[in-house]
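Written out below as structure tokens is the structure these notes cover.
All values below were derived from every heavy atom in this structure, side-chain atoms included, with hydrogens, water molecules and symmetry-related copies excluded.
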Amino acid sequence: MAIVDLVMPKLGESIMEATILKWHKKPGDSVQYDETVLDIATDKVDSEVPSTAAGRISEVLFKENDVVPVGSVIARIETDVDAPVENDDVYVPAPAGDVKEEIEEDEIDGKNIPYVPVHTMLHTNDSGKINRFYSPLVMNIAGSEGISMAELESIPGTGNEGRVTKKDILHYVAKRGTVQQVGETGSEALVVDRQTSNVNIKSGNASVTLRPTVEVYAEELPKEYEGNVEIIEMDRMRRLIAKHMVQSKQTSAHVTSFAEADVTNMVLWREKIKKDFEKQNNTRITFTPMFIDCLVKVIKRYPMINSSVDGDRIIIKKDLNIGMATALPGGNLIVPVIKNADDLNLVGLSKKVNHLADAARNAKLKPDDTLDGTFTLTNVGTFGSLMGTPIINQPQVAILAVGAIKKRPVVIETEQGDTIGIRHIMYLSLSYDHRIVDGSLGASFLTAVAREFESWDINRSW
């Protein structure tokens, strides 16, 4: 009998852990080589983990919603399917629940609590019977508040199968009273004032009061709403998007510049060739690959736009990896990346754009498809917006938004004089990180992009 370890795969240089979304196999199930065993999620994309051997699942080491470090063994596969499955060492899982959310929030006083496998947080009573699961944060709060294990066991839990959540223990702490004696030895006593966090040590007739200057943790209980409202819990991807957007605004000094581009030549050229293009290349052509074709030419002239910030250092990226913001059917957003976009011609760009967009909308993106972007393009005009003020996709330093293309009467300068004509006009907006991109550079780059759009050769081949 041979046992093969199935490990959490490496999902990219910057990804250190992933969340288990769903197990497709359970202990005892047969599995074929390369058959999907489970679905996982990172902060970038959802993905499938295939089996690395044919056989039978003998052990599953993590539950759904567990956050697992890359490289950890997540399951074991018995390749000799005729051998019995060993059940001597039964894994005792944590009750199903939102474990991931609590692990994400396990931060006290700015310091992350180390990841603790959930089975180490199952506690036993004096008779050896397993009690409820307690997350690292709940245990930390209990320790800080002087709550014993026996007292913790008495707290009513609102989580799955009676699990004590962070809200439960904080609610319990708030109702314990403002002053509690938490320790006593002989003539000495330790008293905590829960309104001020002061600690009073009494010994005989003498006492000393300690006044901490840093709170151990701060937490607000969920706000109660009255009236005609509907409360919707954010899904996992929406929570991640919200977190990243706020983080980006806190990291980068955002500035946005605007420009106007006459894209009449682009519109007329695409209209003229799109049927033949699709027939000959078996892929449709949209404006996105045309925009990217122009972008990479301009970025090469302004390399500082294709960079990132690392402390006091500026890291200029030599690869041009263009992210394209893509709306998903559920209303969320993801940014697949076209690697080395400057190495692709218009046909190659069109095929890549269409492949990534279709994969994103059908949840078929691979983890590497969203990694290593150096500049992002977002088309806010798809939904009718004239312009936008996009948020930078960290750790990049700039993002370009293109608005809806509208016909407008404009002044056209010719050798014979000015005339008024109907042209296809589009607004561009560039958000950039003012820490390293000054207004002159940002505006110059944006103007150059607009001129590149306007100078599209209407007689070019693809």
Side-chain angles (χ1 to χ4, degrees), residues 254-274 277 284-302 305-306 320 322-327 333 335-336 338 341-342 346 349-350 352-354 356-357 373 375-393 396 398-414 418-432 437 439 441-460 462:
H254 279 65
V255 175
T256 304
S257 294
F258 302 89
E260 185 180 77
D262 182 343
V263 294
T264 303
N265 285 358
M266 300 183 89
V267 173
L268 296 179
W269 181 84
R270 176 179 174 272
E271 188 63 30
K272 180 176 66 174
I273 62 90
K274 66 180 182 180
F277 186 96
R284 64 192 183 281
I285 185 167
T286 63
F287 284 109
T288 298
M290 297 169 65
F291 294 152
I292 294 175
D293 184 71
C294 295
L295 267 176
V296 294
K297 296 175 183 177
V298 181
I299 291 176
K300 288 183 176 181
R301 304 203 301 266
Y302 297 87
I305 294 293
N306 200 59
L320 271 62
I322 307 300
M324 54 175 210
T326 304
L333 185 73
V335 185
I338 300 174
D342 54 324
L346 199 55
L349 286 172
S350 296
K352 196 68 175 178
V353 165
N354 293 333
L356 290 174
F375 184 92
T376 297
L377 170 70
T378 179
N379 189 344
V380 299
T382 301
F383 304 101
S385 294
L386 293 178
M387 63 181 69
T389 55
I391 297 176
I392 297 168
N393 187 15
Q396 299 166 26
I399 178 172
L400 177 71
V402 293
I405 299 173
K406 298 288 186 180
K407 290 183 180 180
R408 301 189 188 282
V410 297
V411 175
I412 303 172
E413 296 179 354
T414 68
D418 294 344
T419 62
I420 294 178
I422 305 299
R423 308 292 289 178
H424 292 83
I425 303 298
M426 180 177 67
Y427 293 114
L428 313 178
S429 50
L430 180 76
S431 291
Y432 47 94
V437 180
L441 173 59
S444 297
F445 172 79
L446 181 60
T447 301
V449 171
R451 299 293 85 83
E452 193 70 33
F453 286 1
E454 292 177 341
S455 62
W456 188 271
D457 184 0
I458 197 169
N459 296 313
R460 67 173 283 178
W462 55 75

Would you say Lys406 has more than 12 foreign heavy atoms packed within less than 6.0 Å of its NZ?
-> no
Closest heavy-atom pair and its distance - Leu333, Ala327 = CD1-N, 3.9 Å
Please identify each residue that fulfils side-chain hydrogen bond (donor to acceptor under 3.5 Å, both in side chains) with Arg270, with sequence neighbours left out.
-> none
May I ask you to decide if Ile399's main-chain N or O and Asn393's side chain share a donor-acceptor pair within less than 3.5 Å?
-> no
Please examine the side chains of Val402 and Leu377, heavy atoms only from C-beta on, and report whether any two atoms are closer than 4.5 Å.
-> yes
In Å and rounded to the nearest 0.5 Å, what is the CE to CD distance from Met426 to Glu260?
-> 10.5 Å
Is there side-chain contact between Val410 and Ile425, with at least one heavy-atom pair below 4.5 Å?
-> yes
Ile322 versus Ala341, closest heavy-atom pair with distance = CG1-CB, 3.8 Å
Closest non-hydrogen contact found for Pro409 with Ile420 is CB-CG2, 4.3 Å
Taking the side chain as every heavy atom from C-beta outward, state whether Val449 and Phe291 have any atom pair closer than 4.5 Å.
-> no
CG of Asn306 to NZ of Lys300, rounded to nearest 0.5 Å, is 11.0 Å
Has the side chain of Ser257 got a donor or acceptor atom that lies under 3.5 Å from a matching backbone atom of Gly442?
-> no
Locate the shortest heavy-atom distance separating Val298 from Ala448; write the atom from each residue and the value.
-> CG1-CB, 3.7 Å
Is the backbone of Gly373 close enough, under 3.5 Å, to the side chain of Gln396 for a donor and an acceptor to pair up by distance?
-> yes
4.5 Å side-chain heavy-atom contact, Leu356 and Thr326 | no
Output yes when a side-chain donor or acceptor of Ser385 lies under 3.5 Å from a complementary backbone atom of Gly381, and no otherwise.
-> no
Under the 3.5 angstrom rule, does the side chain of Trp269 hit a backbone N or O of Arg460 as a donor-acceptor pair?
-> yes
Qualifying salt bridge (charged side-chain N to carboxylate O under 4.0 Å, His left out) pairs, either residue in residues 419-429, two or more places apart = Asp262-Arg423
I would like to know whether Asn265 and Asp457 meet side-chain contact (heavy atoms from CB on, under 4.5 Å); could you show each step before the answer?
-> CA-CA 7 Å; Asn265 285 358; Asp457 184 0; over 6 Å; no
Quick one: are Val263 and Phe287 in side-chain contact, heavy atoms under 4.5 Å?
-> no
OG/Ser431 to CD1/Ile392 distance, rounded to the nearest 0.5 angstrom?
-> 6.0 Å
Side chains of Leu320 and Phe375: does their closest heavy-atom pair fall under 4.5 Å?
-> no
Residue pair Phe258 / Leu428, side-chain heavy-atom distance below 4.5 Å | no
Can you tell me how far CZ of Arg451 sits from SG of Cys294, rounded to the nearest 0.5 angstrom?
-> 12.0 Å
Taking side chain as C-beta onward, heavy atoms only, is Leu446 less than 4.5 Å from Leu400?
-> yes
CE-OG1 distance between Met324 and Thr286, expressed to the nearest 0.5 angstrom = 8.5 Å
Would you say the side-chain atoms of Asp293 pair up with the backbone N or O of Leu346, donor to acceptor, closer than 3.5 Å?
-> no
Where do Val353 and Ile338 land on the side-chain contact (heavy atoms from CB on, under 4.5 Å) test, with the steps shown first?
-> CA-CA 7 Å; Val353 165; Ile338 300 174; 3.5 Å; yes
Between NZ on residue Lys407 and CD1 on residue Ile422, distance to nearest 0.5 Å | 8.5 Å
Has the side chain of Thr447 got a donor or acceptor atom that lies under 3.5 Å from a matching backbone atom of Ser444?
-> no
Of all residues at least two apart in sequence or in a different chain, which pass the ring-ring contact (aromatic ring centres under 6.0 Å, His included) check with Tyr432?
-> none
Any idea which heavy atoms bring Met266 and Met290 closest together, and the distance?
-> O-CE, 3.6 Å
Evaluation steps, side-chain contact (heavy atoms from CB on, under 4.5 Å), between Trp462 and Ser350 | CA-CA 10 Å; Trp462 55 75; Ser350 296; over 6 Å; no
Could you check Thr256 against Leu430 for side-chain contact (heavy atoms from CB on, under 4.5 Å), going step by step and ending with a plain yes or no?
-> CA-CA 5 Å; Thr256 304; Leu430 180 76; 6.0 Å; no
